[in-house]
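In listed order, ligands and their atoms are each counted from 1. As the structure is a computational prediction, the values presented were derived from the model and not from experiment.
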Amino acid sequence: MMTKKTILTGDRPTGKLHIGHYLGSLKNRVALQNSGEYNTYVMIADMQALTDNARNPEKIRNSLIQVALDYLAVGIDPAKSTILVQSQIPALNELTMYYLDLVTVSRLERNPTVKAEIKQKNFDQSIPAGFLVYPVSQTADITAFKADTIPVGDDQEPMMEQAREIVRTFNNTYNTDILVEPKGYFPPKGQGRLPGLDGNAKMSKSLNNAIYLADSADELRSKVMSMYTDPNHIHVDDPGQVEGNMVFTYLDVFDPDKKKVAELKAQYQHGGLGDVKIKRYLNEVLEAEFGPIRQRREAYAKDIPAVYEMLQAGSAKANEVAEQTLQEVRDAIGLNYFKA
Ligand code: TRP
């Protein structure tokens with residue numbers, strides 16, 4: 001029998017997930033899960049979320065259930081994937097502690113994603129120590145499950161690199177091969193990042209330019225109607241720009257009917273196609289994709305205790321796997337003084 005490959009991926013619970021998350025990662029995960037070729041673990045990384053929200057644990061607590069609902073709604077299926085909560089797996093912290101001894105502070109400070117986040121969050125001289133080392137904790141998340149395939153957005157490549165370094169250093173230092181080097185699994189080039197409603201390169205909660213999986217049909221419609229198009233396209237008969245026009249950017253991504261999109265673009269560029277009309281069409285396209293997701297989300301939200309039970313069961317199962325890896329790690333280092 002061929003041994004299956006193993007997936008581990010996750011999200012920080014700092015809010016509801018949006019359609020950018022869906023495009024950049026969730027969609028991939030569901031496809032991989034359904035391929036049957038992987039053992040799949042999906043982690044809600046609440047400890048990582050706390051690294052810059054330690055004084056606001058309520059936010060993390062509330063977001064945890066929102067993210068779990070988003071997962072279930074898009075089709076992450078607890079019968080096929082183990083959904084777990086990071087803070088409920090104690091072995092991860094001990095692994096992190098051992099790995100921290102194998103990285104230098106200057107290496108941590110060089111991680112480009114962390115660097116960008118430090119700037120964006122205005123930490124300046126007061127970077128929480130836990131924040132700086134979260135890539136090491138993320139390496140613990142990945143290696144605890146011996147995951148080799150990590151479906152994530154492009155911004156996570158530096159984390160994968162750092163994880164591979166730690167794995168190699170660990171295996172070399174303790175003369176073992178128990179840890180597995182992970183590889184990122186990224187969306188096809190150019191398809192990973194969905195810009196915001198306002199045309200900003202990134203869709204995000206803090207920029208207030210996101211469509212959430214949880215948005216109602218009305219919210220979705222009014223957001224689509226507010227989208228950034230071509231500011232010079234004032235009269236219906238004016239020729240319009242499709243480049244940088246969010247309506248067409250989104251149609252390119254979400255409309256399966258590519259021929260129709262090409263025709264609409266031609267008409268818009270020529271003049272005679274109004275923004276309201278094209279936005280109504282985009283709304284239909286998005287509703288076709290996200291309407292069923294919203295309905296599933298609403299159904300799951302009716303029984304929150306069942307969602308917590310699912311998370312508890314997933315965490316218990318994950319805990320056994322992580323404990324096993326931890327024992328191997330302790331053995332490799334030689335911290336097994338009391339073993340016969
Ligand atoms: N850092 C990831 C993000 O911000 C979330 C995450 C935490 C993760 N642990 C992980 C991703 C382990 C992959 C594997 O999106």
Engineer: Relative to the heavy atoms of I150, which atoms of ligand 1 are at a distance of less than 4.0 Å?
Structural biologist: 13 (C), 14 (C)
Engineer: Which heavy atom of the protein is the closest neighbour of atom 14 (C) of ligand 1, given with residue, atom name and distance?
Structural biologist: L8 CD1, 3.4 Å
Engineer: Which atoms of ligand 1 sit under 4.0 Å from any heavy atom of A45?
Structural biologist: 7 (C)
Engineer: Look at atom 9 (N) of ligand 1 and say which protein heavy atom is nearest, naming residue and atom and giving the distance to 0.1 Å.
Structural biologist: D141 OD2, 2.9 Å
Engineer: Is the distance from the ring center of Y98 to that of F170 below 6.0 Å?
Structural biologist: no
Engineer: If we only count N/O pairs under 3.5 Å, is Q138 in contact with ligand 1?
Structural biologist: yes
Engineer: Provide, to 0.1 Å, the distance between atom 7 (C) of ligand 1 and the closest protein heavy atom, together with that atom's residue and name.
Structural biologist: Q48 NE2, 3.3 Å
Engineer: Identify the closest protein heavy atom to atom 2 (C) of ligand 1: which residue and atom is it, and at what distance?
Structural biologist: Q156 OE1, 3.3 Å
Engineer: Does this structure show an ion pair linking R168 with E181, if we count only N-O contacts that are shorter than 4.0 Å?
Structural biologist: yes
Engineer: Is it true that the NZ or CZ of R297 lies under 6.0 Å from the centre of Y212's six-membered ring and within 45 degrees of the ring axis?
Structural biologist: no
Engineer: Between D252 and K258 (salt bridge meaning N to carboxylate O under 4.0 Å), is one present in this structure?
Structural biologist: no
Engineer: Under a 4.0 Å N-O cut-off, is there an ion pair linking K146 with E328?
Structural biologist: yes
Engineer: Considering only the protein, which heavy-atom contact is closest to atom 4 (O) of ligand 1, and what is its distance?
Structural biologist: R12 NE, 3.5 Å
Engineer: Hey, does M203 have a side-chain heavy atom less than 4.5 Å from the side chain of I19?
Structural biologist: yes
Engineer: Numbering the atoms of ligand 1 from 1, which are under 4.0 Å from a heavy atom of V152?
Structural biologist: 11 (C), 13 (C)
Engineer: Which of the numbered atoms in ligand 1 are under 4.0 angstrom from any heavy atom belonging to T9?
Structural biologist: 13 (C), 14 (C)
Engineer: Does NZ or CZ of K277 lie under 6.0 Å from the centre of the six-membered ring of Y268, at an angle within 45° of the ring axis?
Structural biologist: no
